[in-house]
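Following: one structure in structure tokens, then a few remarks.
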Amino acid sequence: MTLCVKINKPNMALFQYLKYKICFITTLFFSITINAQDGINAKTFYKHDKYLSSDKMEGRFPGTKGNNDAAAYIKKYFKKYGLKEFNENYFQSFKLFVKPGINKAKSDSVATQNVVGYLEGSDENLKNEFIVIGAHYDHWGWGGQTSGSKKKDVVAIHNGADDNASGVSALLCILEEVSKSKIKPKRSIIFISFSGEEEGLLGSKYFVNHLPVEKSAVKVMLNMDMVGRLNTEKQIYMGGAGTFPDGVELMKKLGENSGLNPVVHAGEVGGSDHVSFYKSGISVIGFHTGGHPQYHTPEDDIDLINTDGGALVAKYIYNALISIADYEKELYFINQD
């Protein structure tokens, strides 16, 4: 932070005075920005990740008690931080089909749910436009031969601390920060946690096909999938930044003084839930901190999560969310295929 001292001289030149004012305003803005994110911290990130990736969740496989308990946990915080319901319900229920024998499923059709809520925007006109921010909460349960586990011969709980308890942790941290801010974003924001991602983006596909608002009103979707393993180079990767006007420039600019090194791609949309939105003609950004040997194995546990890094990533994405929600330019879809 730059320390600016006003030199009180009667004959101060105009340019010196203006230099002081600019320096003061910049410093003040910087201070407000930092203080505004005190609620996003490693302790809170760890709390959410630890709970969601605990053995009691049994890998959060759709249709199981662990999956339902995780959804209830997310719903609790959606309600606590003042999100409004669509259709008087935070749950958007749907059914999906699973392969025979997986996670001891009693049927090949199981019920699960997305968890959804929204914050109304503060601008009289822009509040009719929506920014979506989301992260899937399901994972591979106990694994097994018919699952997506990388160790199919090992039947053990796949806790998915990075995939994707980390994304949900970031989502809840960001939600808490937004709820505490005295200045509300201009556009409305939909917060959503998907189920059925591992089976083929099923929760996000269902949501896009059953939107609670007009599709034309949904302007950008931000998705977080595996954001808990920030590397020593502090790289946060993202694809799809070129799907809305000046998105690449914005994401690079937000990297300044963030403590991160954003790796920004205009295209390279990726393979997580934001793809469902992109294929439907909605602008997206998908965030992640990279792959690792524990991906889709029972070893993806909380002790390997970089919680300080998770907090840094959540702060960066919070700034992206607010910047886009307050975008002065018109938001429209730019195809990157």
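Keep in mind that this is a model prediction, so the values were computed, not measured.
- Among residues two or more places apart in sequence or in another chain, the ring-ring contact (aromatic ring centres under 6.0 Å, His included) test is passed with Tyr278 by Phe333.
- Across all their heavy atoms, Leu171 and Ile192 have their closest contact at CD2-O, 3.6 Å.
- Within a 6.0 Å radius of CG in Asn87, no more than 12 heavy atoms belonging to other residues, nucleotides or ligands are found.
- At distances below 3.5 Å, not a single donor-acceptor pair connects side-chain atoms of Ser193 with backbone N or O atoms of Val115.
- Trp142 and Tyr295 are members of different hydrophobic clusters when ILVMFWY side chains are connected at heavy-atom separations under 4.5 Å.
- Of all non-hydrogen atoms in Gly63 and Thr112, the two that sit nearest each other are N-CB, 4.3 Å.
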### Query
For Asn67 and Tyr137, what are the C-alpha separation, side-chain angles and deciding distance, and is it a side-chain contact (heavy atoms from CB on, under 4.5 Å)?
CA-CA 8 Å; Asn67 182 271; Tyr137 69 91; 3.3 Å; yes
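- We find that Glu176 and Lys180 are joined by a salt bridge, their nearest charged nitrogen and carboxylate oxygen being less than 4.0 Å apart.
- Under the 4.5 Å side-chain heavy-atom criterion for Ile, Leu, Val, Met, Phe, Trp and Tyr, Tyr81 and Phe86 are members of distinct hydrophobic clusters.
- For the pair Met251 and Ile285, the minimum side-chain heavy-atom distance is below 4.5 Å.
- For the atom pair CG of Leu222 and NE2 of His274, the computed distance is 10.0 Å after rounding to the nearest 0.5 Å.
- The closest side-chain donor-acceptor pair between Asn41 and Thr44 falls under 3.5 angstrom.
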### Message
What verdict does the side-chain contact (heavy atoms from CB on, under 4.5 Å) test give for Phe244 and Ile324, after you've listed the backbone C-alpha separation in whole Å, the side-chain angles of each residue and the deciding distance to 0.1 Å?
### Response
CA-CA 10 Å; Phe244 64 95; Ile324 296 170; 3.7 Å; yes
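- Nearest heavy atoms, Leu96 versus Pro62: CD2-CB, 3.9 Å.
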### Task
Would you check, one step at a time, whether the test side-chain contact (heavy atoms from CB on, under 4.5 Å) holds for Lys56 with Asp69?
CA-CA 9 Å; Lys56 65 186 289 186; Asp69 287 348; 5.8 Å; no
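- Using a 4.5 Å cut-off between side-chain heavy atoms of Ile, Leu, Val, Met, Phe, Trp and Tyr, with links allowed through other members, Met226 and Leu201 fall into different hydrophobic clusters.
- At least one side-chain heavy atom of Glu197 sits less than 4.5 Å from a side-chain heavy atom of Ser272.
- Counting only distance, with no hydrogens or angles, the side chain of Arg229 and the backbone of Thr289 share no donor-acceptor pair below 3.5 Å.
- Within 6.0 Å of NZ on Lys152 lie more than 12 heavy atoms contributed by other residues, nucleotides or ligands.
- Among all heavy-atom pairs drawn from Ala325 and Lys186, the shortest one is O-CB, 3.8 Å.
- Annotation: Tyr237 is not in aromatic contact with His265 [ring centroid separation under 6.0 Å not met].
- With contacts defined as side-chain heavy-atom distances shorter than 4.5 Å, the pair Ile190/Phe207 qualifies.
- The local environment of NZ in Lys47 is crowded, with over 12 non-hydrogen atoms from other residues, nucleotides or ligands closer than 6.0 Å.
- Screening residues 157-169 for side chain to side chain donor-acceptor pair (under 3.5 Å), with sequence neighbours left out, gives Asp55-Asn159, His136-Asp163, Ser149-His158, Asn159-Asp301, Asp162-Ser166, Asp162-His292, Asp163-His296.
- Of the possible donor and acceptor atoms, one in the side chain of Lys219 sits under 3.5 Å from a partner among the backbone N and O of Ser216.
- Met224 has its side chain out of reach of Val313: every pair of non-hydrogen atoms, C-beta onward, lies at least 4.5 Å apart.
- Separation of atoms CG (Asp123) and NZ (Lys184) is listed at 15.5 Å; rounding is to 0.5 Å.
- In this structure, the separation between CD on Glu199 and CZ on Phe97 is 13.0 Å, given to the nearest 0.5 Å.
- Linking Ile, Leu, Val, Met, Phe, Trp and Tyr whenever their side-chain heavy atoms come within less than 4.5 Å puts Tyr318 and Leu250 in one cluster.
- Here the side chain of Asn209 pairs a donor or acceptor atom with the backbone of Lys205 at under 3.5 angstrom.
- With rounding to the nearest 0.5 Å, the separation of CG in Leu230 from NE2 in His288 is 12.0 Å.
- No donor-acceptor pair closer than 3.5 Å links the side chain of Ser280 to the backbone N or O of Phe277.
- Side-chain N or O atoms of Glu58 include none that pairs as donor or acceptor with a backbone N or O of Thr64 at under 3.5 Å.
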### Step-by-step side-chain contact (heavy atoms from CB on, under 4.5 Å) determination, Leu172 to Tyr73
CA-CA 10 Å; Leu172 295 178; Tyr73 180 85; 4.0 Å; yes
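- In this structure, Val154 and Pro298 have side chains that are in contact, with non-hydrogen atoms separated by less than 4.5 Å.
- With a 4.5 Å cut-off on side-chain heavy atoms, Asp153 and Gln145 count as touching.
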### Task
Please report the C-alpha distance between Glu120 and Lys84 in whole Å, then the side-chain angles of each, then the deciding distance to 0.1 Å, and finally whether the salt bridge (charged side-chain N to carboxylate O under 4.0 Å, His left out) criterion is met.
CA-CA 8 Å; Glu120 188 174 49; Lys84 296 182 178 181; 3.5 Å; yes
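- Put simply, the side chain of Tyr316 reaches to within 4.5 Å of the side chain of Leu254, judged on heavy atoms.
- Surrounding NZ of Lys234 are at most 12 heavy atoms belonging to other residues, nucleotides or ligands under 6.0 Å away.
- Note on Val220 and Phe191: same hydrophobic cluster, where clusters join Ile, Leu, Val, Met, Phe, Trp and Tyr whose side-chain heavy atoms are under 4.5 Å apart, directly or indirectly.
- Smallest separation of non-hydrogen atoms from Ala70 and Leu52: CB-CD2, 3.9 Å.
- Looking only at side-chain heavy atoms (C-beta outward), Ser258 and Leu312 stay at 4.5 Å or farther from each other.
- Under the 3.5 Å distance criterion, the side-chain polar atoms of Gln336 are matched with a main-chain donor or acceptor of Gly242.
- The side-chain tip of Lys79 does not point at the ring of Tyr90 from less than 6.0 angstrom away and within 45° of straight on.
- From Leu119, atom CG reaches atom CD1 of Ile189 across 6.0 Å, with rounding to the nearest 0.5 Å.
- Looking at every heavy atom in both residues, Ile174 comes nearest to Leu321 through CG2-CD2, 3.8 Å.
- In this structure, CZ on Phe94 lies 4.5 Å from CG on Asn114, to the nearest 0.5 angstrom.
- Surrounding CD of Glu124 are at most 12 heavy atoms belonging to other residues, nucleotides or ligands under 6.0 Å away.
- Checked against the 6.0 Å centroid criterion, the rings of Tyr77 and His48 qualify as a close aromatic pair.
- Counting only residues at least two apart or on different chains, the salt bridge (Lys or Arg N to Asp or Glu O under 4.0 Å) pairs with a member in residues 138-151 are Lys151-Glu299.
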